[in-house]
Amino acid sequence: MEGQSILVGVGGGIAAYKSAALCSLLVKRGYDVQVLMTENATRFIQPLTLQALTKHPVIFDTFAEPNPSEIAHIAVADRALLYVIAPATANLIAKLAHGLADDMVTTTALAATCKTIVAPAMNVHMYDHPAVQHNLSILRSRGTIVLDPDEGPLACGYTGKGRLPEPEDIAEVIEAMLSEHRDLEGLHIVITAGPTIEDIDPVRYLSNRSSGKMGYALAKQAVARGAKVTLVSGPTHLSPVPGAKMMYVRSTEEMLSGVREAMREADVLIAAAAPADFRPAATFPQKWKKSQGAMQLEFVQTPDILATVSRQRNKGQTIVGFAAETNDVIRYGAEKLNEKGLDLIVINDVSQQGAGFDVDTNQVTLMTKSGGVSTLPLMAKSSVADRILSAVKQLREHGNGELMV
Ligand code: PMT
């Protein structure tokens, strides 16, 4: 969990004072806690209190941007292990349900891909209002964990359902959620991501459209689920994945040696990268001038990383490849699975809208060497990553068979 934090989002309700106890409990349990507040929340509890408890500045002004090298709401979202919004007011719940982002808490919620817990706290009639209940059902349908408020005397004088659950109870839910998902503990997974670059001369190169998003999503989910992760990355614009060991490479040859080194001690390889299949037979030492006339290039094949590592694998290692196809995708995918000696292949039709290169979603078919097939709908790359990791877990625990993901 190195470099990762639990985000605590505080809304502007009287129960905001309980966020101090929650932060204190989480810090005592060893978590790094980053607090985000709405401006209204700062009327109920001083940011300084929460800063003193968490040892991190509290962020409540979306435009303050104290660190010019990063965008605060994206950076904290990227580092989030889990996001708990407590207390969540009726207004905050409405904004979360409808994707509004006009404060630090909601803006970060849109950027965060981790699990989110929402703990409503408000007057009993407000809580029972159909609008609030509808908004909560929207959040639940998206996978947000909504905590039931406690019953009892409320600050407004009423007695009923609407109290923020006790901080101890919220902390219990957080612990349970984190341990529930640490199902890959003990596994060392090597993941490749991004393109590789093959130089033509000092200023020109050959590469492809891979952004690295698929491989980075796999690394992020694998870290969150407790795996030890080595991410062998070609050149991308993405931030390092907190908790993963980053190995940066440029060419396909370099990616091969990085993967070989990492696989000496690893259990699984997932090759989501799009390494260049060809490189110029020779690289010009100086820039090729237009005055020299047309450039003649001869291309030679680069090594096939996956096939090489699969051939030389240690006993018990699981090898997963991707297939980026544009036609007859299943047939070509199945051929790659066999030719490269893989345990599992993730086939994506990169000609489809929303799938493949440089988008946040993907649509894939998983196929095992014994013929188990599972076609998944178009979904976020983080969800695709989770399904792939579950398939790997299934293969390692139960061998080949029907895919249950
Ligand atoms: O990075 P993104 O923008 O998020 O895009 C994601 C993706 C489209 C790159 C990803 O989903 C994907 O399909 N990755 C594999 C791309 C690819 O190189 O496909 P391929 O069918 O050419 O190669 C088959 C497999 O062999 C892949 O696992 C590839 O990593 C591997 N390979 C390819 C060439 C090579 N020289 N060595 C290899 O190991």
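Read the numbers this way: they start at 1 and go in the same order the structure lists the ligands and their atoms. Values reported hereafter were calculated over all heavy atoms of this structure, with side chains retained and with hydrogens, waters and symmetry mates removed.
From the protein, the heavy atom lying nearest to atom 11 (O) of ligand 1 is N348 OD1, 2.6 Å. In this structure, atom 2 (P) of ligand 1 lies nearest to the protein heavy atom S211 OG, 3.4 Å. Closest to atom 1 (O) of ligand 1 among all protein heavy atoms lies S210 OG, 2.6 Å. Atom 7 (C) of ligand 1 has A272 O, 4.2 Å as its closest protein atom, hydrogens excluded (heavy atom only). Among all non-hydrogen protein atoms, the one lying nearest atom 39 (O) of ligand 1 is L306 N, 2.8 Å. Given atom 34 (C) of ligand 1, the protein heavy atom at minimum distance is D277 OD1, 3.0 Å. With respect to atom 21 (O) of ligand 1, the closest heavy atom belonging to the protein is K336 NZ, 2.4 Å. Atom 33 (C) of ligand 1 has as its closest protein heavy atom P275 CD, 3.6 Å.
A donor-acceptor contact shorter than 3.5 Å links the side chain of Q317 to the backbone of M263.
Below 4.0 Å from some heavy atom of M214 lie the following atoms of ligand 1, by number and element: 4 (O), 6 (C), 11 (O). Here is the list of ligand 1 atoms found below 4.0 Å of a heavy atom in N362: 11 (O). Close approach to G356 involves these atoms of ligand 1, each under 4.0 Å from a residue heavy atom: 5 (O), 6 (C), 8 (C).
Nearest to atom 15 (C) of ligand 1 by heavy-atom distance, out of A324, A274, A273, A276, is A273. In this structure, of F322, F357, Y332, the residue bringing a heavy atom nearest to atom 12 (C) of ligand 1 is F322.
Looking at R209 next to ligand 1, no N or O pair under 3.5 Å apart turns up. Ligand 1 has no N or O atom lying under 3.5 Å from any N or O atom of T192, backbone or side chain. At under 3.5 Å, a nitrogen or oxygen of K213, whether backbone or side chain, sits near a nitrogen or oxygen of ligand 1. Any N or O atom pair closer than 3.5 Å counts here, and V359 shares no such pair with ligand 1.
Note on ligand 1: K381 sits in its first shell, one or more heavy atoms being nearer than 4.0 Å. Ligand 1 lies less than 4.0 angstrom from a heavy atom belonging to K340. Within the structure, the closest approach of P303 to ligand 1 falls below 4.0 Å when heavy atoms are considered. Within the 4.0 Å heavy-atom cutoff, A323 counts among the residues contacting ligand 1.
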Stepwise side-chain contact (heavy atoms from CB on, under 4.5 Å) check, L342 with K369: CA-CA 7 Å; L342 309 177; K369 70 173 173 206; over 6 Å; no
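No hydrogens or angles considered: a donor-acceptor pair under 3.5 Å links the side chains of T375 and T365. A donor-acceptor pair shorter than 3.5 Å cannot be found between the side chains of S239 and R79.
Counting heavy atoms under 4.0 Å from ligand 1, residue I305 touches it through both backbone and side chain.
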